[in-house]
Amino acid sequence: MMNDCPTVKNILLLDSEGKRVAVRYYSDDWPTNAAKLAYEKSVFTKTQKTNARAEAEIIILENRIVVYRFVQDLHFFVTGEDDENELMLATVLQGFFDGVTLVLRNNVDLREALENLDLILLCFDEIVDRGIVLETDGSIIAGKVASHSIDDNSPLSEQTISQALAAAREHLTRSLLR
């Protein structure tokens, strides 16, 4: 009965040159990193001349449905099976886009995305688990991601690496300014 659950093959966030910003694959359709990079290049090449800025666009690529949207210098993609519901894939894309927009505080561009890569990766985890869609509401996704963000009073063992580095950087800055 797994087929009753909406699933995705991957979620990709690429820059305006088709390079990876953040990607997550949920199937073995691309067994090697080289295969994944080739797929990302193929998706980017096929879509780069389209104007998917106002709303999501849909294409069929390699017998898979790809929904995508561009904002500033970021390209958002969600891939599903050729028999997956396009509206569901578009809803996942919108949830991903909305979640990222909220965690980046409406500054959706490459620089901001790279500075907050940990939050974008957490968005992936809140949206999809092993290919199965968990959440598509951007505000709920962003809220769950925000609940994982830095809490200065939490013990070091409960912080992510980026949170620990940020706390250490802040502590070092304060000690140098004294």
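Since we're looking at a predicted model, the values are computed, not measured.
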* Considering residues at least two apart in sequence or located in another chain, which fulfil the side-chain contact (heavy atoms from CB on, under 4.5 Å) criterion with T45? ->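 side-chain contact (heavy atoms from CB on, under 4.5 Å) check on T45 returns K41.
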Just wondering, do [Y] and [X] contact through their side chains at under 4.5 Å, heavy atoms?
| X | Y | answer |
| --- | --- | --- |
| V67 | F76 | no |
| E57 | T47 | no |
| Q94 | R69 | yes |
| K144 | L122 | no |
| D29 | E81 | yes |

Minimum heavy-atom distance [X]-[Y], with the two atoms named:
| X | Y | answer |
| --- | --- | --- |
| D73 | L110 | OD1-N, 2.8 Å |
| H75 | S16 | NE2-CA, 3.9 Å |
| V21 | A113 | CG1-CB, 4.2 Å |
| L102 | S139 | CD1-CA, 3.6 Å |
| I141 | G95 | CD1-O, 3.6 Å |
| D98 | G138 | CB-CA, 3.7 Å |

* Where do V128 and F96 land on the side chain to side chain contact (heavy atoms under 4.5 Å, CB included) test, with the steps shown first? -> CA-CA 10 Å; V128 176; F96 177 45; over 6 Å; no
Kindly work out whether a path of hydrophobic side-chain contacts (I/L/V/M/F/W/Y, heavy atoms less than 4.5 Å apart) joins [X] to [Y].
| X | Y | answer |
| --- | --- | --- |
| I58 | F44 | no |
| Y68 | V100 | no |
| L134 | L89 | no |
| L104 | F97 | yes |
| V43 | L74 | no |

* Asked: Passes side chain to side chain contact (heavy atoms under 4.5 Å, CB included), V8 versus Y26? Steps please.
  -> CA-CA 7 Å; V8 298; Y26 304 103; 3.8 Å; yes
Within the distance-only criterion (no hydrogens, no angle test), does the side chain of [X] pair as donor or acceptor with the backbone N or O of [Y] below 3.5 angstrom?
| X | Y | value |
| --- | --- | --- |
| R53 | Q72 | yes |
| T91 | L87 | yes |
| N85 | M88 | yes |

* To do: Nearest 0.5 Å please: distance from the CD1 atom of I127 over to the CG atom of L93.
  => 9.0 Å
* Would you give the length of the straight line joining atom NZ of K9 to atom CD1 of I65, rounded to the nearest 0.5 angstrom? =>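 So the NZ of K9 and the CD1 of I65 are separated by 11.5 Å.
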* **Lys/Arg cation over aromatic F124: R24, 6.0 Å, 45° cone** => no
* Asked: Any salt bridge between R111 and E115, counting N to O under 4.0 Å?
  -> yes
* Asked: Given the rule in the side chain to side chain contact (heavy atoms under 4.5 Å, CB included) test, do V23 and N10 qualify, once you have shown the distances and angles that lead to the verdict?
  -> CA-CA 7 Å; V23 300; N10 62 46; over 6 Å; no
* To do: Assess whether side chain to side chain contact (heavy atoms under 4.5 Å, CB included) is satisfied between Y39 and V66, documenting all intermediate values.
  => CA-CA 11 Å; Y39 178 75; V66 180; 3.3 Å; yes
